2 protein chains.
Amino acid sequence: MISNNSLARFAARLNRHSLLSNEELQALLKMCCLPAQFQARRDIVPTNKTVDHACLIVEGLAGRFDLMRDGRRQVTALHLPGDMCDLHSVVQPHTAWSITAMTATSVLFVPHEDLQRLAIRYPGLAMAFWRDTAADAAVLAKWIGNLGRKDARARVAHLFCETAFRMELIGLGTRRSFDLPLTQEQLADATGLTAVHVNRTLQGLRETRTLSFQSSRAEILDWDRLVEIADFDSDYLMLQASRNPSFETSARAELPVGA
Amino acid sequence: MISNNSLARFAARLNRHSLLSNEELQALLKMCCLPAQFQARRDIVPTNKTVDHACLIVEGLAGRFDLMRDGRRQVTALHLPGDMCDLHSVVQPHTAWSITAMTATSVLFVPHEDLQRLAIRYPGLAMAFWRDTAADAAVLAKWIGNLGRKDARARVAHLFCETAFRMELIGLGTRRSFDLPLTQEQLADATGLTAVHVNRTLQGLRETRTLSFQSSRAEILDWDRLVEIADFDSDYLMLQASRNPSFETSARAELPVGA
DNA sequence: CGAGGGGTTGATCTCCTTCAACGGAGGTGG
DNA sequence: CCACCTCCGTTGAAGGAGATCAACCCCTCG
């Protein structure tokens, strides 16, 4: 199955915050899953359904959306390749959100059943899944802070800092330069602004030689300045610091004995 | 130990979204934990530390805060009695957030070690913990939508809808009438507004006989109207609908045999 | 009695929205 | 190959929602 390669990206993500044993890793990679393609602006997971599979981003960009009655929409999370963007649906199969392809996107659908089976069989994996959901939540919390208490410039700057950081982490470009094929309207959906104001804000950042974002490419000209403007601190991403090896090893040690 | 009674509230919360077996329930209630009291505005969990215990709210109100460099602050989550407000710290012991008592609050500190042990021993509990974190994240996502795309009136209305709903659920008042000893400044911290504007917004809601909030008491005079203004839909709270019994029972069935 | 915290009010300012128009790039069909 | 259309970025002008600043009131508490 071709999907092995793509599952590896997810495994790598988990392994970044949770140490996985070889056995756990192998079990992860053996999950069977269904590949699918989506054009930009297509719903990958519609709202208000009950789903029986989670969705792993292989290529492209996907957004989790909160939709208002009047048609306004807000991106609540941005998902890059390797993200299992609704891993939480395993424990919460009724969707109150919707996941939409923001660019042409290819995904793998992974049955909940498989993920549940792994979580029961391997407590270390259950912890890793839980931790992944917690990491996701930490990003959500940070976005609340940004939307609630920062102006347009800081919000846009923060989005670019975060995305640059994550892109570098998964090996898609560097934090100074990476592809980001989003329209200004999509950036607006993510920052709680209008497309017009995102435009003006980007111009401001461009004029001060801080950030240039043109033809789907982000070039961060002055990283320190951007971080300063955004009040960005990568800690919340929980990408390297949050390992909890003492528990992971004890989990493994206890597995053959205790359970 | 006095704490049994208080742990029961948390168990009830879990049981609301995850079916627990008697054995799991008993194990939960047997956790040992340390009671503590906090005055309003005291940090229960400071930011930028590594913690080895989670924090269960027994009485009072606590807020999770995101703090900006310049001193601005944003509440990212509001925690009511029965909430284990940083359950996610079990898998993510480094705090990027801070938890502060918003009123006089009594809490129980529960060692991560105990929670981890339970999660390993009982996959059903591990799932319940994971689901609790997911439910928490769903609220965070909804708040992002509110902050990003709704005006002051809708934000305030939504906060009251959500809180009324949750209060009723845990048996502290009804959705029409409940105690909420928060200042307008604290409401402002939660809605991304200023205290002055919260004041004017509340006046507007009071004048239209929708909501009255005075001397620490919320009276929702017109629930339907408030829901309409807030664009509130309780689905995201995942309080009754998200049970996943098919898995829970299979987990239990497999426990004695499989693991 | 004085101090301080919280609610209320008014005046002013500003950031962002809204609306509208235009231009360029890319795609399509005659 | 050009006409046309659509999408996206850009610009300008006007309006509005909410912030900011400052004052005042009331209540509680030392």
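A quick note: this is a predicted structure, and the numbers were derived from the prediction, not measured.
Between A:D83 and A:L80, some side-chain heavy-atom pair lies under the 4.5 Å cut-off. Looking only at side-chain heavy atoms (C-beta outward), A:F160 and A:L202 come within less than 4.5 Å of each other. No side-chain heavy atom of B:W97 sits under 4.5 Å from any side-chain heavy atom of B:T76.
For A:Q184 and C:dG23, the CD to C1' distance is 14 Å, given to the nearest whole Å. Between the CD atom of A:E207 and the P atom of D:dT10 there is a distance of 11 Å, rounded to whole Å. In this structure, B:Q214 places its CD atom 10 Å from C1' of C:dG7, rounding to the nearest Å. The CG atom of B:L193 sits 16 Å away from the P atom of C:dT8 (whole-angstrom rounding). One can place CG of B:L187 at 15 Å from C1' of C:dT8, the figure rounded to the nearest angstrom. With rounding to whole Å, B:L147 atom CG is found 14 Å from D:dG18 atom C1'. In this structure, the CG atom of A:L182 is 18 Å from the P atom of D:dC7, given to the nearest Å.
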Next item on the list: List the steps and the verdict of side chain to side chain contact (heavy atoms under 4.5 Å, CB included) for A:V139 and A:E162.
Entry: CA-CA 9 Å; A:V139 176; A:E162 180 181 307; 3.5 Å; yes

Notebook entry, point to check: Where do A:L226 and A:F232 land on the side chain to side chain contact (heavy atoms under 4.5 Å, CB included) test, with the steps shown first?
Noted result: CA-CA 8 Å; A:L226 195 67; A:F232 176 78; over 6 Å; no

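Between B:Q186 and C:dG6 there is no side-chain N or O to OP1 or OP2 distance below 4.0 Å. Dashed line: the shortest gap from a side-chain N or O of A:R206 to OP1 or OP2 of D:dT10 is under 4.0 Å. Look at B:R155 and you won't find any side-chain N or O under 4.0 angstrom from OP1 or OP2 of D:dA17.
Defined by atom type and a distance below 3.5 Å, a donor-acceptor pair is present between the side-chain atoms of A:E219 and A:S177. A:H158 and A:D231 are not linked by any side-chain donor-acceptor pair at a separation below 3.5 angstrom, with hydrogens and angles left out of the test.
Remark: A:T194, A:V196, A:H197, A:R200 in residues 194-205 of chain A come within less than 4.0 Å of DNA chain C through at least one heavy atom.
Residue A:R41 is in sugar-phosphate contact alone, with no base atom involved, counting any heavy-atom pair closer than 4.0 Å across all strands shown. Counting any heavy atom pair closer than 4.0 Å across all strands shown, B:R72 reaches sugar-phosphate atoms only and no base atom.
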